[in-house]
Structure formats: structure tokens, C-alpha cells
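Letters go in sequence order (proteins before strands), and every chain restarts at 1. These numbers come from a predicted model, not from an experiment.
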2 protein chains.
Amino acid sequence: MTAQKPRTRIQEKNRARVLDAALEVFSQHGFRGATLDQIASEAGLSKPNLLYYFASKEDIHVTLLGGLVDTWLAPLRALNPLGDPHDELLAYMRRKLQMSRDFPRESRLFAQEIVQGAPRIGDGLSTDLKDLVDEKATVIAQWMAEGKLAQSDPHHLIFSIWSLTQHYADFEVQVRAVLGDNRDPWAEAETYLTVHFQRVLGVTDPMHGQ
Amino acid sequence: MTAQKPRTRIQEKNRARVLDAALEVFSQHGFRGATLDQIASEAGLSKPNLLYYFASKEDIHVTLLGGLVDTWLAPLRALNPLGDPHDELLAYMRRKLQMSRDFPRESRLFAQEIVQGAPRIGDGLSTDLKDLVDEKATVIAQWMAEGKLAQSDPHHLIFSIWSLTQHYADFEVQVRAVLGDNRDPWAEAETYLTVHFQRVLGVTDPMHGQ
DNA sequence: TTTGTTTTTGACCATCTGGTCAAGAGCACG
DNA sequence: CGTGCTCTTGACCAGATGGTCAAAAACAAA
């Protein structure tokens, strides 16, 4: 299943450096907009040296995306069917927001891949992703049927969590431009989204400000 | 202010064809991923002929984005301070969703520009966009102060409308992959988002299913 | 038809880009 | 030191790409 781990320490270190550099460049310019020279320079390696560690530009990109999907889906996997519905979903939202804040480059890389039609990841979407989402959607539907959450379409509820949290990473420039320099987007996002989702989920007893 | 309109009919027609082709290609591959040959081919023109109508690749891209911003902001401009708060905001959301459905290429083009840090549109964000949003945020804040809407941060409320509506255009592949072939994302989106925002806005008297 | 203007194109070019290669540097081990 | 292995690089290449240009085709006006 897993590819053979690189043997030496230096290989492991340099592969990591390349991947980090590539993440920086790919997330900013997209796959075709990125150049091997840029990545090599960012990684502090010569281009041929970079190609000693990875077979091709696409190899780097694929490796990056592959390692990403699992990480990205982890918060959803962690959604516990046995926990309290509100707590679980709010916690999921917060975890997702944290990931957007802590790994904006990863978020943007993923966003670009999807916007462009997921040309190099498409298959995984219809299988792994769909299966996981369907599974969790069933759990949520069950919660709703039990009257523990306000009724709505579970799939779209999940979409709304993705959309609202990733927005702050993917459209960060726009958010900052609109809010101005004196505000902290991430702090405000957590406050706002908590209230937002409490309402959407149909909280029974929040301290409703006013 | 406005550039001199092209004189002949054929110029107007061919410029339009180029822009449409460019929109197709840019929105799919990003600026650097798109090639003049692709655009020319898509427009049914030879590359030199294309460059007879536009000075450069960047010229095409800038023209496209420039014409876009106004259109994209129109729905927000139309938000009426004198109307009913719930109706106005729900109508805004629906108009935005319709635009995402009817002009997904425009949405994706814009999304890519923002994700990449708005390198060719950045200035407009901090001025035109910010001013308009600030203005409308004030209106919304007023509505909230009058108790006509549930309290929350107006700027982030606007972000949430952008985010949730554009998601269905920008991440359409993902949405379709997750929902499967037998569902209609756009129809469901309208239904879902209506309920979603009724809750967020603090509807006084919805038919609450259960 | 003649003349002047707009449109179109084939040929061409400089540069960039992903990728190769052979040779060299560094290094571990006997 | 010598031997073999990993790592690094300068030089190079083929193809793609943005853009130019002079000349030809279309077209409009007289």
C-alpha cells in the first residue's frame, strides 16, 4: 500500500523541504502557474537536485494532494455518532476552522484543485469522500429524526460547514480587504460562526444576546 | 472614464467572442494555465488575429475581471435599506445563488483570482468593494439594532452569503461527486439555503418542520 | 475599377519550462 | 587509501508559449 519510505535521513529531510516549498508555490500560483525553478529555489535546491527526489512536477503535486486528503477529512471522521449532536457538529466546525487558520496553504491548494475541476484527484472524490460524507450524513439525519437537531438536508449542512470555514482561508485577501487592517478575521470568524451554527442547528437554550 | 468603444460591428463581435472564450479557458485553468492558442482556438480565431483585438494575454484577463466586478456586486447594491430586512437579505442571497448558477465560469474566474492573492485586482478590493460592503453592513447593523434581525456581525453575515452561494459554483465538481448523479445541486441549494438563512436571520414565524 | 482602410494569417522569434545526463563532490566503510 | 554509494550540479535539449511582422485578403467608399 504505502510507498517505500526513503531510507536516509537526508532524503527524508529534503523531500519534506521540497514538499513544503511546492505547497507554498502551488497554493499561490496553481499547478501550471508554478515552475520547478520557483519550487527548487524556495526549497534551497537546484532544479536537477529537486528532480533527484521527485520524478516530475506532477509527482510532487500528486504526493502533496495525496497526503492532504486524509488530513483534510480527519475532522469529519472524528465526528462521533454517540456524542451530543450540537456539541459534535459545533466541534467539527471549529476543528475545520482551525485547520483553515493553521493550514491556509493546504486549503488553497485543495481549493484550486477543485475549482479547476479536480483533474488530478477526481476519482477520490466520488469514492472515498462520498462514502465518508454519506456515512456521516446518515448519522446527522438520524439525529434530526430524533428531534435533536433542526431539520435540514445533512449533505448541505456539511457543505455549509466546509464552505464557511474554508472561506476564511481561501478568500483571506478579500476578507482582510473588506474588514480593514484593525480587525482579526480569525478571531471574529470563530465567534461569528459559533453563533451562526447554533442558530442553524436549532439550539434549544443559548444565551441569546440582545 | 470608459475606454473608447470599438467602432465596427465586427470588432464588437470578435472582442466579445474572445472574452467569452477567455472566460472559458481562464476559469478552468487559471491565468498562467491558460494559453493564447487555447483561447484563440476556442474563439475560432488565429492567435495573431486574437492579438489584433487585445494587446496581450494580460489585457484580456484584466478586461474580463474589470467587467466582472460591477456585475458581481450588483446584487449587493440592490439591497434596499427601506425594504423588509428578512426579505431583502433572503432576496440578496437568492440573487447571489442565481448568479452562481447562471454564471459559474465568472464565479470561478473570480475565485481563482482571489485565492491567488488577487494579484491583478487587489486595489479594487480595498476601495470599491470595502466601501460598498461597509455601507451595507451599516444598514444591516441598523436593522439588528432595531430588533428586526438576530444580532450578529454584519460583515461576517455578508461573508456567509458569499461563501455559501459561491460554493455551489466554485466547488461544483465536489458537490456533484458527493451528492451523486441523481440529485440536483442547484434546486436543493435554494431550498436548503433558504431555511439555513431564515434560521440565521432569526425568522420570527417559520413553519418549523418536525 | 481604383484607392484606402480594416481584418486575417503564415512564418518567425526570444524566452521559458520541464526534464535529461554525465560528471563531479561528499561520505561511509573496509 | 581505495571502493562504492548517495547526493549535487553545470550544461544542455526539445517543446511550448507569448508576442511580432510583413504581406495578403476583405471590405468600404469613390
Side-chain angles (χ1 to χ4, degrees), chain A residues 3-66 109 112-113 116 119-120, chain B residues 3-66 109 112-113 116 119-120:
Chain A
Q4 303 188 18
K5 292 241 171 181
R7 294 161 203 161
T8 70
R9 287 281 151 72
I10 186 168
Q11 278 201 14
E12 205 160 341
K13 189 192 73 175
N14 277 351
R15 278 183 65 99
R17 281 173 66 171
V18 169
L19 287 177
D20 187 75
L23 177 58
E24 184 73 26
V25 178
F26 279 141
S27 68
Q28 207 165 106
H29 302 288
F31 178 75
R32 295 194 54 183
T35 76
L36 286 180
D37 291 280
Q38 267 178 299
I39 299 174
S41 161
E42 183 88 18
L45 299 176
S46 67
K47 186 168 61 172
N49 199 10
L50 184 157
L51 287 165
Y52 171 75
Y53 291 104
F54 289 89
S56 67
K57 186 183 178 183
E58 183 149 1
D59 183 20
I60 303 176
H61 197 249
V62 167
T63 304
L64 220 42
L65 281 176
L109 179 72
Q112 299 214 37
E113 172 71 8
Q116 298 187 1
R120 294 166 239 281
Chain B
Q4 304 187 18
K5 292 242 169 180
R7 293 160 205 163
T8 68
R9 286 282 152 73
I10 186 167
Q11 276 200 16
E12 204 160 340
K13 190 192 72 176
N14 276 351
R15 277 183 67 99
R17 282 173 65 172
V18 170
L19 287 177
D20 187 74
L23 176 59
E24 183 74 24
V25 179
F26 279 140
S27 68
Q28 207 165 107
H29 303 287
F31 178 74
R32 296 193 54 183
T35 77
L36 286 180
D37 291 280
Q38 268 178 298
I39 299 173
S41 160
E42 183 88 17
L45 299 176
S46 68
K47 185 169 58 173
N49 198 11
L50 183 157
L51 287 166
Y52 170 76
Y53 291 104
F54 289 88
S56 66
K57 187 184 177 183
E58 184 150 1
D59 183 22
I60 304 176
H61 196 249
V62 167
T63 304
L64 220 41
L65 281 176
L109 179 71
Q112 299 214 36
E113 173 70 8
Q116 298 187 0
R120 294 166 238 282

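Applying the 4.0 Å criterion to OP1 and OP2 of D:dT8, one finds that A:N14 has a side-chain N or O inside that range. B:R32 has no side-chain polar atom (N or O) that falls below the 4.0 Å cut-off from OP1 or OP2 of D:dT17. Distances shorter than 4.0 Å separate some side-chain N or O of A:Q11 from OP1 or OP2 on D:dC7.
The shortest side-chain heavy-atom distance between A:F26 and A:K57 falls under the 4.5 Å cut-off. Inter-residue side-chain proximity for A:P119 and A:E113 is flagged as met; some heavy-atom pair is nearer than 4.5 Å. For the pair A:K47/A:T35, no side-chain contact is recorded, criterion being any heavy-atom separation below 4.5 Å from C-beta on.
The CG-P distance, from A:D37 to C:dG19, rounds to 12 Å in whole Å. Across the protein-nucleic acid pair, A:Q38 atom CD and C:dC16 atom P stand 13 Å apart, rounded to whole Å. Atom CG of B:L36 and atom C1' of C:dT9 are 16 Å apart (whole Å).
Within residues 39-66 of chain A, the residues that have a heavy atom under 4.0 Å from DNA chain D are, in order of number, A:S46, A:P48, A:N49, A:Y52, A:Y53.
Checking side-chain atoms of B:R15 against main-chain N and O of B:Y53 turns up a donor-acceptor pair under 3.5 Å. Under a 3.5 Å cut-off, the side chain of A:S41 and the backbone N or O of A:D37 do not form any donor-acceptor pair. Under the 3.5 Å distance criterion, the side-chain polar atoms of A:Q112 are left unmatched by any main-chain donor or acceptor of A:F31.
Under the side chain to side chain contact (heavy atoms under 4.5 Å, CB included) rule, A:I60 has a single partner from A:L65, A:V18, A:L23, which is A:V18.
Nearest nucleotide to the A:T35 side chain, out of C:dT17, D:dG18, D:dT8: C:dT17.
Taking each heavy atom of B:I39 and B:A21 in turn, the nearest pair found is O-CB, 3.6 Å.
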Report all interatomic pairs (protein N or O, nucleotide N or O of nucleotides 23-26 of chain C) with separations under 3.5 Å.
none

